[in-house]
Amino acid sequence: MAKKKGGKSVALNLPIPPIEPMLPTPIPQTPVEGTQDRDSPFDIIPTPMSPSQLPEPEPYGGTYSNPPSRPMTPRTPEPRSPVRRAYDGSPSASPGPSPMTARPSPVTARPRAFLPPRTPRGTGPSATGEEPRMGDYFTKRRELLDVLKSLHSTGIQNELDLPQIVVIGSQSVGKSSLIESMSGLMLPRDTGTCTRCPMECRLQYGQVWSCKISLRFHVDRTGSPLATIRDVPFGPTLYNAEDVEKILRRAQRAILRPELDPTLFLDDSDLHVFGVPLTFSGNCVCIQVAGPNVPDLYFYDLPGIIANVGDGGNEADIRLVEDLAKSYIKKPNCIVLLVISCETDFENQGAGRLVLKDPALRQRTIGVLTKVDRIEFGGASKWLRMLRGEDQPLMHGWYCVKQRDLGQLQEVVITLLRDFTKTLSKHIEGIPPMVNPADPTDTTATGLLHSLNEEYERFRVKLHKTAPQFRPWTTTANVDSQKEKQMLDSAKQDDDAVGLGKTNSLHADEVMDLAKRSRTRELPGNYPFSVKERLILESVRQWSALAQECFTEVKDIVVKHIIRIVEEHFKGYNNGGLKEAVSKITSEQIIKCAQATTQKIEGLFQSECSPYTQNEDYFFAYKTKMLTRYKIIHQELEGKSQLVTSLKAYDPNNSYSVNNNHNQWTYLNQAIAYLQNFGMTVKAEDFIALLPQHDMTPALDIMAEVRAYFQVAYKRFGDNVPKQIDADFLRGIDGSDGSDGLDVALMSMDLSTEKCMEYLQEPATVIRERTTLAGKKQRLEAAQLKLERYYRG
């Protein structure tokens with residue numbers, strides 16, 4: 001590729017990104033005549049071959065039409081790129097003289113398998129002055145496709161050889177991408193094997209774009225034919241092409257688990273049903289697409305031919321997939337679209353061996369070469385021989401996909417950016433983690449949300465440690481270390497935060513002293529609310545730092561995760577600055593969301609500085625429980641430990657459980673029974689609260705109320721902070737919260753053609769290494785030639 005600059009030709013080494021092209025285009029050797037069909041999915045030029053290159057053709061539902069009008073002498077082609085754009089018929093693009101000269105001009109043609117029958121020259125409507133009635137042909141063709149669909153739905157194809165087109169290829173050769181360019185559908189993509197059952201694709205013209213998906217069951221789980229073919233609609237009619245890929249994934253899962261109701265798969269309910277799915281199935285996912293720009297076409301996409309299985313895989317799958325392909329392509333009325341990748345040697349692709357070893361299949365096979373941009377330097381010659389019909393000749397020739405021109409570079413970059421934001425959104429929404437990740441610190445393997453949830457749990461634990469540390473006895477009480485431990489253990493029965501926190505411990509007399517000193521004009525026995533508020537704030541004031549610390553940790557996890565995604569997605573685009581530009585804008589988006597989230601978290605903290613709750617039931621229940629516990633501990637220290645111990649150890653079936661005093665046990669049983677007659681259910685331990693009051697009772701009440709409010713508030717704050725981070729930071733990055741997300745921000749990049757060329761250029765190191773290797777190759781070939789001449793004498 002070259003670009004004029006200042007009167008000079010400047011070479012531009014542009015890498016072609018690994019995105020499949022829109023149209024297949026061949027490399028012609030000898031131009032031939034052809035016709036155009038505006039509704040056909042191909043815009044290609046057939047490669048003619050000498051009759052000696054092929055076995056005698058056999059009819060397969062029609063005669064091989066459009067023969068050359070006169071013998072043509074092949075000419076030696078000039079060296080050229082392995083990819084050449086098809087002639088579009090314009091004068092500026094014309095490659096040579098008119099078709100009436102000795103060197104006919106190539107014209108765009110279609111594969112003959114897709115052409116309507118040709119009318120002999122001089123006998124058609126144009127010869128008699130009539131206008132061609134192509135509209136009638138298109139109408140008839142669509143009617144025939146409708147009839148063909150109806151026949152397939154009955155299962156009659158098992159008895160009759162119905163015409164069909166079958167797309168086959170080895171695993172990961174770009175077959176799905178080729179079908180996408182033909183149909184406009186986004187098929188499921190994945191590393192390794194993605195298609196695990198046949199997909200019947202029916203494309204036809206329509207006023208409005210729509211897609212219907214159904215499941216066709218004609219074999220059982222073991223592969224045996226069913227007595228009755230079942231066609232099951234799968235989900236509603238789709239009117240958005242972006243929804244098709246997700247539904248197709250679910251439909252394929254339904255095919256692989258035929259024992260389940262297909263409706264379970266529409267909302268992913270099947271993921272919660274235990275069972276082992278099939279690895280491959282002969283049952284079919286049927287896709288019917290209609291639209292104004294959709295060609296009339298009917299074909300099958302088969303699972304890619306596999307050469308081996310992974311660890312724990314079933315070796316029988318190799319034979320199963322091959323037999324499935326054979327069952328389709330063996331029929332004489334089947335046209336085979338063979339997809340071969342130029343990224344891998346032809347000999348290593350099982351689909352090619354499966355088709356090309358059969359002379360009869362060669363006569364009804366169309367070959368398509370994909371990933372031509374992956375051809376190693378100096379390795380184009382073997383693929384050119386195939387395109388010229390010199391190697392592995394086919395009756396209908398070989399074709400290669402068309403690579404994007406300069407005008408499409410912007411579309412390439414935009415597609416890369418959109419795929420990146422879609423991938424990021426999937427991670428933010430949550431994807432299943434790997435079973436045994438090699439790197440436990442890699443959140444792309446362990447799961448981003450899993451790592452964030454672990455950080456949120458650590459945050460809640462730290463919040464819990466800020467609980468007030470109340471001691472329901474006085475500082476002057478005669479309490480040794482052993483006794484203190486016993487009382488703390490008693491308090492832990494109802495307060496699991498005892499002894500955990502960093503908040504200074506307060507004894508009952510200290511709380512009482514604070515309450516007395518805080519009184520102003522209150523009536524006797526009343527104490528101001530500011531006492532409780534101050535004790536509450538002793539804990540709450542620690543929460544701001546803990547919340548910001550939690551957010552900082554979350555932000556670091558998210559940033560590292562996004563960096564990994566950027567590195568993986570743009571690893572081939574380091575040299576042109578694309579990765580750096582994406583990283584810069586992504587960083588700006590993260591900073592913007594982080595600033596907004598920090599403000600929201602601070603707002604949450606400020607709201608907690610004013611004690612408030614409507615959670616009355618939980619608050620009063622927890623206060624009662626803590627007050628009872630505090631009174632139990634205090635009464636034990638006031639000399640009533642024996643009575644308290646007896647009430648705590650009370651057993652209604654054992655009279656010796658109350659001080660070994662049968663009378664007290666009888667009286668206690670009667671009291672409990674009498675209270676139950678009034679509808680009051682009590683325990684013996686509840687009578688401890690009825691013991692005589694003492695001067696520390698107000699302090700114990702304040703302590704119980706402050707501790708109860710802390711329990712309400714810390715749980716609320718521990719939920720609100722992670723929720724705020726998720727809503728404003730995590731979902732704000734990709735815009736799933738309704739704001740302008742990263743996808744909008746990335747569209748602000750410079751996407752001019754010149755800048756896109758720069759984004760996609762090859763690294764200088766690759767260019768230098770290619771030049772070095774090319775020079776080394778030339779020197780070695782020159783030395784080899786001299787040695788051969790020397791030994792020949």
Of the non-hydrogen atoms in [X] and [Y], which two are nearest, and what is the gap between them?
{"X": "A515", "Y": "Y527", "result": "O-CD2, 3.4 Å"}
{"X": "A699", "Y": "A508", "result": "CB-O, 3.4 Å"}
{"X": "S518", "Y": "P528", "result": "O-CG, 3.2 Å"}
{"X": "F459", "Y": "F717", "result": "CZ-CE2, 3.9 Å"}
{"X": "Y622", "Y": "A708", "result": "CD2-CA, 3.6 Å"}
{"X": "E533", "Y": "C609", "result": "OE2-O, 4.5 Å"}

Who pairs with [X] by side-chain contact (heavy atoms from CB on, under 4.5 Å), at least two apart in sequence or on another chain?
{"X": "K422", "result": "none"}
{"X": "K462", "result": "L546, E549"}
{"X": "A251", "result": "I213, L215, F234, V285"}
{"X": "D513", "result": "R517"}

Tell me whether [X] contacts the main-chain N or O of [Y] through its side chain, where contact means a donor paired with an acceptor under 3.5 Å.
{"X": "S539", "Y": "T466", "result": "yes"}
{"X": "H569", "Y": "L416", "result": "yes"}
{"X": "S748", "Y": "A745", "result": "yes"}
{"X": "R519", "Y": "E522", "result": "yes"}
{"X": "T423", "Y": "D419", "result": "yes"}
{"X": "E705", "Y": "M703", "result": "no"}

task = Determine whether more than 12 heavy atoms belonging to other residues, nucleotides or ligands lie under 6.0 Å from atom NZ of K625.
result =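 Atom NZ in K625 is crowded, with more than 12 foreign heavy atoms closer than 6.0 Å.
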inquiry  = Can you confirm whether more than 12 heavy atoms, excluding those of D556, are under 6.0 Å from its CG atom?
reply    = yes
Beyond-backbone contact of [X] with [Y], side-chain heavy atoms, under 4.5 angstrom:
{"X": "L417", "Y": "M747", "result": "yes"}
{"X": "V412", "Y": "C756", "result": "no"}
{"X": "L506", "Y": "Q469", "result": "no"}
{"X": "R418", "Y": "D743", "result": "no"}
{"X": "Q410", "Y": "I414", "result": "yes"}
{"X": "L449", "Y": "L452", "result": "yes"}
{"X": "F420", "Y": "L746", "result": "yes"}
{"X": "V540", "Y": "F605", "result": "yes"}

Step-by-step salt bridge (Lys or Arg N to Asp or Glu O under 4.0 Å) determination, R250 to D267 = CA-CA 9 Å; R250 295 171 176 172; D267 58 358; over 6 Å; no
[atom2] on [Y] to [atom1] on [X], rounded to 0.5 Å:
{"X": "R629", "Y": "L700", "atom1": "CZ", "atom2": "CG", "result": "13.0 Å"}
{"X": "I562", "Y": "T443", "atom1": "CD1", "atom2": "OG1", "result": "9.5 Å"}
{"X": "D270", "Y": "L256", "atom1": "CG", "atom2": "CG", "result": "10.5 Å"}
{"X": "K623", "Y": "T628", "atom1": "NZ", "atom2": "OG1", "result": "11.0 Å"}
{"X": "L535", "Y": "F710", "atom1": "CG", "atom2": "CZ", "result": "13.0 Å"}
{"X": "I431", "Y": "H450", "atom1": "CD1", "atom2": "NE2", "result": "13.5 Å"}

Residue pair V273, R257: steps toward the side chain to side chain contact (heavy atoms under 4.5 Å, CB included) verdict = CA-CA 11 Å; V273 180; R257 298 191 69 179; 4.1 Å; yes
inquiry  = Over 60° means perpendicular and under 30° means parallel, so tell me whether W473 and H507 are parallel, tilted or perpendicular.
reply    = perpendicular
Just by distance, with hydrogens left out, do [X] and [Y] show a side-chain donor and acceptor under 3.5 Å apart?
{"X": "E616", "Y": "Y618", "answer": "no"}
{"X": "E602", "Y": "Q606", "answer": "yes"}
{"X": "N615", "Y": "T613", "answer": "no"}

task = Please report the C-alpha distance between D268 and R253 in whole Å, then the side-chain angles of each, then the deciding distance to 0.1 Å, and finally whether the side chain to side chain contact (heavy atoms under 4.5 Å, CB included) criterion is met.
result = CA-CA 10 Å; D268 293 332; R253 293 207 312 267; 2.7 Å; yes
Taking only distance into account, with no hydrogens and no angle test, what donor-acceptor pairs under 3.5 Å do side-chain atoms of residues 725-734 form with protein atoms, sequence neighbours excluded?
residue: D726; atom: OD2; partner: R731; partner atom: NE; Å: 3.2
residue: D728; atom: OD1; partner: K600; partner atom: NZ; Å: 3.2
residue: D728; atom: OD2; partner: Q724; partner atom: NE2; Å: 2.3
residue: R731; atom: NH1; partner: E429; partner atom: OE1; Å: 3.4
residue: D734; atom: OD1; partner: S736; partner atom: N; Å: 3.1
residue: D734; atom: OD1; partner: S736; partner atom: OG; Å: 2.9
residue: D734; atom: OD2; partner: S425; partner atom: OG; Å: 3.2

With [X] via side chain to side chain donor-acceptor pair (under 3.5 Å) - residues at least two apart:
{"X": "T624", "result": "none"}
{"X": "D750", "result": "S752"}
{"X": "R716", "result": "E608, Y709"}
{"X": "T237", "result": "none"}

Pair listing, salt bridge (charged side-chain N to carboxylate O under 4.0 Å, His left out) test, anchored in residues 448-458, at least two apart = E455-R458, E457-R460
key: Y630/F470 under side chain to side chain contact (heavy atoms under 4.5 Å, CB included): CA gap, chis, key distance, verdict   = CA-CA 9 Å; Y630 290 159; F470 292 129; 3.8 Å; yes
Without placing hydrogens or testing angles, list every side-chain donor-acceptor pair under 3.5 Å for residues 580-587, not counting sequence neighbours.
residue: S583; atom: OG; partner: K579; partner atom: O; Å: 2.8
residue: K584; atom: NZ; partner: E588; partner atom: OE2; Å: 2.7
residue: T586; atom: OG1; partner: V582; partner atom: O; Å: 2.7

remark   = Hits for salt bridge (Lys or Arg N to Asp or Glu O under 4.0 Å) against R534, two or more places apart or cross-chain, chain-then-number order -> none
query = Where do I557 and V554 land on the side chain to side chain contact (heavy atoms under 4.5 Å, CB included) test, with the steps shown first?
reply = CA-CA 5 Å; I557 293 172; V554 168; 5.6 Å; no
Derivation of the salt bridge (Lys or Arg N to Asp or Glu O under 4.0 Å) call for K755 and E758 = CA-CA 5 Å; K755 195 63 179 179; E758 180 182 338; 3.5 Å; yes
